[in-house]
Number of protein chains: 2
Amino acid sequence: MPIVGVEEIRKQQLIDAALASIAELGLQKTTIMTISQRAGMSSGIISHYFGGKQGLIEAALRHLLDKLGRAFLEKIQQTDGSPAARILCIIEANFTEFQRSELAARTWLSFWARSMHEPGLKRLQQINNARLCSNLRYAFAQSMSRDKAQDAARQTAAMIDGFWLRSALSSDPDENFAAGESLCKTFALSLLTH
Amino acid sequence: MPIVGVEEIRKQQLIDAALASIAELGLQKTTIMTISQRAGMSSGIISHYFGGKQGLIEAALRHLLDKLGRAFLEKIQQTDGSPAARILCIIEANFTEFQRSELAARTWLSFWARSMHEPGLKRLQQINNARLCSNLRYAFAQSMSRDKAQDAARQTAAMIDGFWLRSALSSDPDENFAAGESLCKTFALSLLTH
DNA sequence: ATTTTTATTGATTGAACGTTCAATTAAGGA
DNA sequence: TCCTTAATTGAACGTTCAATCAATAAAAAT
């Protein structure tokens with residue numbers, strides 16, 4: 001059933017299938033078989049397009065990071081450049097990305113845990129983290145000193161990640177997410193006005 | 001070399017070896033061999049004392065949770081019962097436990113990730129989480145309404161977990177930890193006074 | 001219609017891992 | 001000294017999994 005010029009389509013289908021498997025089974029129990037079956041293809045296709053299972057896993061993480069980055073860029077363009085608006089954008093981008101797919105928080109946690117011991121994933125994670133912190137620092141620095149802004153950014157980033165983590169572990173992820181978004185916003189705004 | 005009555009000693013040695021292996025290699029690359037070698041014993045001993053690898057992993061998590069609980073109980077007895085003192089105790093207990101063993105944050109993250117898909121670990125994690133939240137809620141409720149206290153507890157718990165997570169993923173865990181403890185305290189105290 | 005090229009398959013291979021259990025070792029008791 | 005019993009070993013076994021690659025299928029080119 002070969003159709004020419006389907007490389008990008010197949011790659012995306014495999015990434016989607018990988019994310020579905022990771023969300024449902026966890027990274028540990030995700031195998032080449034669970035991915036390829038979900039994609040409706042054979043096991044060999046993964047090594048063919050990604051050089052191996054590890055290549056697909058990294059591509060899937062890169063895809064999630066790209067989506068998160070684009071969510072932020074889209075939101076930031078719909079607002080004025082005020083610090084409060086920027087910060088609300090950052091928080092919303094970090095939360096809405098998850099609402100789109102219920103099980104994404106679990107996927108992130110799986111990636112994080114593995115990134116501790118795999119340099120390829122660790123690099124991707126650190127790039128994303130640096131972006132989040134520097135965006136927050138920049139917004140806070142327009143209303144307070146550099147040092148205060150640094151602290152405020154770290155607290156806000158920690159609270160966002162903490163609610164992510166708790167959503168992944170919670171028995172009611174959705175409720176946790178909604179509460180997290182709201183509580184992160186009120187916290188960040190209170191930092192700006194005091 | 002059988003010596004009688006060594007069951008509890010051997011179990012503890014295996015738990016220590018398991019935690020060392022998890023911290024160094026991660027839960028995924030921790031095998032019966034990496035654990036038993038670190039303990040200086042043979043591979044079969046793990047099934048003998050814990051019924052299998054999974055039993056040892058759960059016992060190791062239970063051991064970490066016990067240590068965390070005892071750290072809190074010890075600290076709480078050295079203070080008056082004021083809300084501020086209680087909250088500082090909770091935060092300190094959650095951070096000092098990690099300073100004792102540098103790689104503990106990585107161990108926690110490994111456990112958390114696996115607990116998403118393994119009921120035995122999930123149960124342990126939820127018990128610990130419920131304890132943290134209810135301790136915080138109780139302390140805050142002495143200075144504000146129930147609803148406010150609930151929000152404050154969730155924000156504080158999220159910030160603590162967020163800094164834990166960031167320490168595990170950071171390239172400089174110690175600095176991250178010190179900053180986390182300090183910033184969590186200033187946040188929690190500001191909630192009490194406003 | 002035939003050949004070439006591209007896409008895909010899936011059985012096979014070999015390595016890694018957890019578990020089992022018969023054998024072994026030495027302490028304690030008779 | 002001999003026997004019993006608790007403690008421990010590690011080779012063997014069965015399973016799981018990622019990777020490989022020769023075979024296959026169909027589109028494109030001739």
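The figures that follow rest on heavy atoms only: side chains count, while hydrogens, waters and symmetry mates do not. Residue numbers begin at 1 in each chain, while the letters A, B, ... track the order of the sequences.
Distance CZ (Phe50(A)) to C1' (dT20(D)): 18 Å, rounded to an integer number of Å. Separating the CD atom of Glu7(B) from the P atom of dA6(D) is a distance of 12 Å, rounded to the nearest angstrom. Ile45(A) has its CD1 atom 13 Å from the C1' atom of dA25(D), to the nearest Å. One interatomic measurement links the two molecules: CZ of Arg10(B) to C1' of dT9(D), which rounds to 13 Å at whole-angstrom precision. Taking atom OH of residue Tyr49(B) and atom C1' of nucleotide dT9(D), one finds them 12 Å apart after rounding to whole Å. Per the geometry, CD1 belonging to Ile46(A) stands 14 Å off C1' belonging to dT20(D), to the nearest Å. In this structure, His48(B) atom NE2 and dA22(C) atom C1' are separated by 14 Å, rounded to whole Å. Atom CD1 in Ile9(B) sits about 11 Å away from atom P in dA7(D), given to the nearest Å.
Residue Asp80(B) qualifies as enclosed at atom CG: its count of foreign heavy atoms under 6.0 Å is above 12. The local environment of CG in Asp172(B) is crowded, with over 12 non-hydrogen atoms from other residues, nucleotides or ligands closer than 6.0 Å.
Of the candidates dG18(C), dT20(D), dT8(C), dT8(C) carries the atom nearest the Val6(A) side chain, counting heavy atoms from C-beta on.
Using a 4.0 Å heavy-atom cutoff across all strands shown, Gly52(A) reaches sugar-phosphate atoms only and no base atom.
Taken to the nearest 0.5 Å, the CD atom of Gln125(B) stands 8.5 Å off from the CG atom of Leu61(B).
Partner Arg131(B) forms a side chain to side chain donor-acceptor pair (under 3.5 Å) with one of Asn135(B), Asn129(B), Asn128(B) and no other, that one being Asn128(B).
Every pair tested for ring-ring contact (aromatic ring centres under 6.0 Å, His included) that includes a residue from residues 27-63 of chain B fails, sequence neighbours excluded, so the list is empty.
Salt-bridge annotation for Lys185(A) and Glu92(A): present, with a side-chain N of the basic residue lying under 4.0 Å from a carboxylate O of the acidic one. Contact check on Glu74(B) versus Arg70(B) returns no salt bridge, with no Lys/Arg side-chain nitrogen under 4.0 Å from an Asp/Glu carboxylate oxygen.
Closest of all the heavy-atom pairs between Pro83(B) and Ala139(B) is CB-O, 3.5 Å.
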Identify all pairs in which a protein N or O lies below 3.5 Å from an N or O of nucleotides 22-24 of chain D, and state each distance.
none

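Grouping the Ile, Leu, Val, Met, Phe, Trp and Tyr side chains by contacts below 4.5 angstrom, directly or via other members, places Tyr138(A) apart from Met144(A).
When the C1' atoms of four end pairs are superposed on the next four at each end of the helix from dA1(C)-dT30(D) to dA27(C)-dT4(D), using five pairs per end, the two resulting axes differ in direction by 10°, to 10°.
Near DNA chain D, meaning a heavy atom under 4.0 Å away, the residues from residues 11-42 of chain B are Met41(B), Ser42(B).
Taking Ile127(B) as the reference, Arg123(B) meet the side chain to side chain contact (heavy atoms under 4.5 Å, CB included) condition, with sequence neighbours excluded. Applying the ring-ring contact (aromatic ring centres under 6.0 Å, His included) rule to Phe111(A) yields no partners; only residues at least two apart in sequence or on another chain are considered.
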